[in-house]
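Here's the structure, in structure tokens; my notes come after.
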Amino acid sequence: MNLSLYTVTAFLIIDTDGHRVLAKYYHPKGHPNGESKKLTTLKEQRAFEKGLFQKTKKAGGDIILYDSHLAVYRHSLDLIFYIIGDPSENELMLHSALVAFSDAVHLLLRNQVEKRGVLENLDLVLLCLDETIDDGIIVETDSTTIASRVSRPKADTTDIVINEQTLLSAYQTVKEKMQQRIGQL
């Protein structure tokens, strides 16, 4: 039984043509990675991604065991989101992390989750990924929490309007207060 917190080996976003949009591989130093094959070189990673895409390009599945890795994936318009873990990992935990990430991205991009939108807002997507997975450890599975931590602060909507009328009103108020103070002396 694996009692390690390191559950995620990689996170991938691949478009429907099989090209990498985003890839993040986790190789923490303290991870007891026994039988799993490491994907350390770019060549190994690209070959793994290509084969994984060939197996999952048709919608309809959620989980696949590919090349001694557990892959949980989700289709979204012209993108496929993947979380890769060891075969002994909990599929439900990986799936809940993927759903939380995907839903948070949908919230942040206002349901415009397509290749162009992800590339234009790559900063938000990467922050969202970092709020979900930290060095292979799933840290958050609530999409609204993830989106609220990542979202840009809104501009101050309570703008103070200063015009002649407000200045005149302020002058009248100060004048009245001064007259009352002088009258009390």
Side-chain angles (χ1 to χ4, degrees), residues 5-28 31 36-40 42 44-152:
L5 291 175
Y6 299 103
T7 56
V8 179
T9 305
F11 180 85
L12 308 169
I13 300 177
I14 298 177
D15 66 8
T16 51
D17 297 327
H19 300 108
R20 175 193 285 193
V21 175
L22 180 128
K24 194 161 187 180
Y25 288 85
Y26 301 100
H27 302 292
H31 187 281
S36 177
K37 177 176 137 182
K38 282 193 166 196
L39 300 168
T40 53
L42 182 62
E44 289 174 348
Q45 292 172 0
R46 294 283 184 164
F48 176 77
E49 292 166 15
K50 183 179 179 184
L52 181 63
F53 171 73
Q54 292 300 322
K55 294 282 187 188
T56 60
K57 62 183 171 185
K58 292 188 175 101
D62 284 337
I63 301 172
I64 187 173
L65 188 61
Y66 174 74
D67 196 26
S68 73
H69 290 284
L70 181 66
V72 181
Y73 61 99
R74 188 173 195 185
H75 287 263
S76 174
L77 294 178
D78 62 346
L79 297 173
I80 308 171
F81 298 101
Y82 296 93
I83 287 188
I84 312 298
D86 288 336
S88 61
E89 294 302 336
N90 185 343
E91 299 91 358
L92 295 175
M93 190 63 185
L94 293 175
H95 187 263
S96 66
L98 180 64
V99 168
F101 171 81
S102 177
D103 290 348
V105 170
H106 274 82
L107 285 170
L108 291 169
L109 301 183
R110 295 177 183 87
N111 291 326
Q112 299 297 321
V113 183
E114 55 192 17
K115 184 177 179 179
R116 184 173 153 241
V118 167
L119 290 175
E120 286 175 355
N121 296 293
L122 194 59
D123 57 340
L124 290 177
V125 174
L126 284 170
L127 285 171
C128 198
L129 178 59
D130 289 341
E131 288 293 331
T132 308
I133 303 166
D134 183 29
D135 202 25
I137 299 172
I138 297 171
V139 291
E140 187 63 64
T141 58
D142 182 30
S143 60
T144 54
T145 303
I146 295 166
S148 68
R149 289 180 184 163
V150 171
S151 63
R152 294 182 179 122

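This structure is a prediction, so every number in the text was calculated from the model and none was measured.
Here Asp15 contributes atom CG and Arg116 contributes atom CZ; the two are 15.0 Å apart, rounded to the nearest 0.5 Å. One distance of note links CD of Gln54 with CD of Glu49; it measures 12.5 Å at 0.5 Å rounding. In this structure, Ile133 CD1 and Ile83 CD1 are separated by 4.0 Å, a value rounded to the nearest 0.5 Å. Atoms CD and OG1, on Glu140 and Thr132 in that order, are 7.5 Å from each other to the nearest 0.5 Å. Distance check, rounded to the nearest 0.5 Å: NE2 of His106 to SG of Cys128 gives 11.5 Å. For the atom pair OH of Tyr25 and CD1 of Ile84, the computed distance is 7.0 Å after rounding to the nearest 0.5 Å.
No side-chain donor-acceptor contact under 3.5 Å links Thr56 and Tyr66.
For the pair Lys55 and Asp67, the salt-bridge criterion is not met [side-chain N within less than 4.0 Å of a carboxylate O]. Here Asp130 pairs with Lys24 in a salt bridge; the nearest charged N to carboxylate O distance falls below 4.0 Å.
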message: The test is salt bridge (Lys or Arg N to Asp or Glu O under 4.0 Å); show your working for Asp142 and Arg149 and say whether it passes.
response: CA-CA 11 Å; Asp142 182 30; Arg149 289 180 184 163; over 6 Å; no
- request: Please test Val118 against Leu79 for side chain to side chain contact (heavy atoms under 4.5 Å, CB included), starting from the C-alpha separation and ending with a verdict.
  value: CA-CA 9 Å; Val118 167; Leu79 297 173; 3.5 Å; yes
- prompt: His75 and Ile80: side chain to side chain contact (heavy atoms under 4.5 Å, CB included), yes or no, with the steps?
  reply: CA-CA 4 Å; His75 287 263; Ile80 308 171; 3.4 Å; yes
task: List the steps, then state whether side chain to side chain contact (heavy atoms under 4.5 Å, CB included) holds for Thr7 with Asn90.
output: CA-CA 8 Å; Thr7 56; Asn90 185 343; over 6 Å; no
- request: Go through the steps to decide whether Val99 and His95 satisfy the test side chain to side chain contact (heavy atoms under 4.5 Å, CB included), and finish with yes or no.
  value: CA-CA 6 Å; Val99 168; His95 187 263; 3.4 Å; yes
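In this structure, Met93 and Thr141 approach most closely via the heavy-atom pair CE-CG2, 4.1 Å. Closest of all the heavy-atom pairs between Leu70 and Glu89 is CD2-O, 3.9 Å. Of all non-hydrogen atoms in Asp103 and Arg74, the two that sit nearest each other are OD1-NH1, 3.4 Å. For Leu107 against Ser143, the heavy-atom pair with the smallest separation is CD1-O, 4.2 Å. Between Ile146 and Ala100, the shortest heavy-atom contact is CD1-CB, 4.1 Å. Shortest non-hydrogen contact noted between Ala23 and Leu12 is CB-CD2, 3.6 Å.
Asp78 has its side chain out of reach of Asp17: every pair of non-hydrogen atoms, C-beta onward, lies at least 4.5 Å apart. In this structure, Leu98 and Tyr82 have side chains that are not in contact, with every pair of non-hydrogen atoms separated by 4.5 Å or more. Two residues are said to be in side-chain contact when any heavy atoms from C-beta on lie closer than 4.5 Å; Leu129 and Phe101 meet this criterion. The shortest distance between side-chain heavy atoms of Ile13 and Val125 falls below 4.5 Å.
Side-chain N or O atoms of Asp86 include none that pairs as donor or acceptor with a backbone N or O of Ser88 at under 3.5 Å.
Between Phe11 and Phe81, the ring planes lie tilted relative to each other; the angle falls in the 30° to 60° range.
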